[in-house]
Amino acid sequence: MTLPEKVNILLLGGGGREHAIARSVAASPRCGKLYIAPGNAGTALCGTNVDIEAANFGAIKQFVVGHGIGLVVVGPEDPLVKGIVDFFADDAELKFVPVVGPSQAGARLEGSKDFAKAFMTRHGIPTAAYRTFGRGEAAEGKAFLATLKPPYVLKADGLAAGKGVVIPQTLDEAHGELDEMLGGKFGSAGSRVVVEEFLKGIECSVFVATDGENYKILPVAKDYKRVGEGDTGPNTGGMGAVSPVPFAGAKFIKRVEERIVRPTIAGLAAEKITYKGFIFIGLMNVGGDPYVIEYNVRMGDPETEVVFPRITGDVIGLFEGMVCGTLDGYELKVSGQVAATVVCTSGGYPGEYRKGLPVAGLDAVGGDLADGGSTTVFHAGTVRKGDAVVTSGGRVLAVTSLAGSMDEALAASYAAIEGISFEGMNFRRDIGRDLE
Ligand code: AMP
Ligand code: GLY
């Protein structure tokens, strides 16, 4: 099986990740019509936005059938965890429309931390020692905590919008936190809690594209999760990212491939889990040895805003390899340039923030990465209102630059941000600085 030479594509999602994917798709000579649901003011520059939420399967079906869509690309986890791939496979009208993403069974790698940990244990994949506790098992949980050294790591089993991990410093705090989590602090996501050993090291993210058998390892990236400079303050969806990552060189990636990527893909196949999508492996580098912190079943955001611009080959060919089972025949081409992205957020984020504020200065950012320009603004939380672009989310823009060195890429992104403004705009001034 192959995709047609020109293919109409529906991309689900509406963040910076989807703008970065849309830009690469639109640059492909094989791109027919590109639709993004729901998209944002930036994706509208690459294709046509469609007012459908990414997990509204009924409306997506109608659109796909009515618009001759030949490929669906899923950006966020929500539709995957809800089973969009199975929904397509089981529908008489949709079953010939390939979807980039894992089946619902595969999406459990992200949807259930307990499933992910048990999967890693079954397949000998290095990860922190752990046990899972349910309601009524607080006493056992506390006894297990007492066997670990501080700090402690507690994770709500289910999806908790990136907020389900707490790292208490003392045993007392850990006991209290376990009681609160099992008591419903994170709703049903926390009805089971994974308690695990704390790993000391530095984090990075490895992205893998797979057709279920073959795989390609995409450029490695590192994101900056805390809102404040020097990695302080609350966690966010991501304040910036860089690629490549100096401490994750060829030797480390080889270990990741041998100890993690291969057993993960072989494990999925052995368990008969259909997986034609991206695997995002959150890793801790512990003295040169990789340990899995978490799996996600999609690309990262803002990591995609530095990973996709470095893929210089045709990304529709990459998607084709993934959905058609021919990924071994795809040649992944990666730019030797360094990419950095700095995220501009709404004032108050990740707490409460205002929406609908006009964004000024976007037109002044010159050119596009593909046209030899060095900087592109990916929209993350924006909508168009008449002639204006206004804010619509916590993370508003991801300003990405490609250059010969990290310094140059960062300087270009920060220079571009100088010209951009909206009321309350915040950004970290230290992205990439810890890597020098
Ligand atoms: P997660 O939502 O699983 O990515 O966890 C959020 C953050 O908690 C990670 O990015 C790590 O910084 C931290 N974390 C999670 N698990 C561990 C662990 N076992 N040891 C140290 N830090 C961890
Ligand atoms: N940047 C982290 C994520 O996409 O989950």
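The structure displayed is predicted, hence computed values, not measured ones. All ligand and atom numbering here is 1-based and tracks the order in the structure.
The aromatic rings of Tyr414 and Phe427 lie tilted to each other, with the angle between the two planes from 30° to 60°.
Only the side chain of Ile167 comes within 4.0 Å of ligand 1, counting heavy atoms alone; its backbone N, CA, C and O stay farther away. Contacts of Glu303 with ligand 2, taken as heavy-atom pairs under 4.0 Å, involve the side chain alone.
With no hydrogens or angles considered, a side-chain donor-acceptor pair links Ser28 and Asp314 at under 3.5 Å. The closest side-chain donor-acceptor pair between Thr43 and Asn49 falls under 3.5 angstrom. At a cut-off of 3.5 Å, with distance as the only test, no side-chain donor of Thr391 or Tyr353 sits close to an acceptor on the other residue.
Under the 4.0 angstrom criterion for non-hydrogen atoms, Gly300 is in contact with ligand 2. Ligand 1 is never approached by Thr127 to a heavy-atom distance shorter than 4.0 Å. At a 4.0 Å cut-off, not a single heavy atom of Lys200 sits close enough to ligand 1 to count as contact. Heavy-atom distances between Gly237 and ligand 2 reach below 4.0 Å in at least one pair. By the 4.0 Å heavy-atom criterion, Met299 is excluded from the residues contacting ligand 2.
Taking every non-hydrogen atom of Arg298 and a distance limit under 4.0 Å, the qualifying atoms of ligand 2 come out as 3 (C), 4 (O), 5 (O). In the vicinity of Glu203, heavy-atom distances shorter than 4.0 Å reach the ligand 1 atoms 9 (C), 10 (O), 11 (C), 12 (O). Under a 4.0 Å criterion applied to the non-hydrogen atoms of Leu199, ligand 1 contributes the atoms 18 (C), 19 (N), 20 (N), 21 (C). Counting atoms of ligand 1 from 1 in the listed order, those under 4.0 Å from a heavy atom of Ile293 are 15 (C), 16 (N), 17 (C), 18 (C), 23 (C). For ligand 1, the atoms closer than 4.0 angstrom to any heavy atom of Lys225 are 10 (O). Of all atoms in ligand 1, numbered sequentially from 1 with element shown, those under 4.0 Å from a heavy atom of Lys113 are 2 (O), 3 (O).
Not one N or O of Lys225 is nearer than 3.5 Å to an N or O of ligand 2, by distance alone.
Partner of Glu196 under the side chain to side chain donor-acceptor pair (under 3.5 Å) criterion, chosen from Lys113, Lys155, Arg131: Lys155.
Across Thr236, Asp223, Val343, Thr304, heavy-atom proximity to atom 2 (C) of ligand 2 is greatest for Asp223. The residue from Lys155, Met284, Glu196 that puts a heavy atom closest to atom 19 (N) of ligand 1 is Glu196.
Arg395 places a side-chain heavy atom less than 4.5 Å from the side chain of Pro302. Looking at Arg108 and Phe119, their side chains never come closer than 4.5 Å, going by heavy atoms from C-beta outward. By the 4.5 Å heavy-atom criterion applied to side chains, Val242 and Val338 are not counted as neighbours. Using a 4.5 Å cut-off on side-chain heavy atoms (C-beta onward), Tyr215 and Ile217 make contact.
In terms of modelled atom types and a separation under 3.5 Å, the side chain of Asp223 and the main chain of Glu303 share no donor-acceptor contact.
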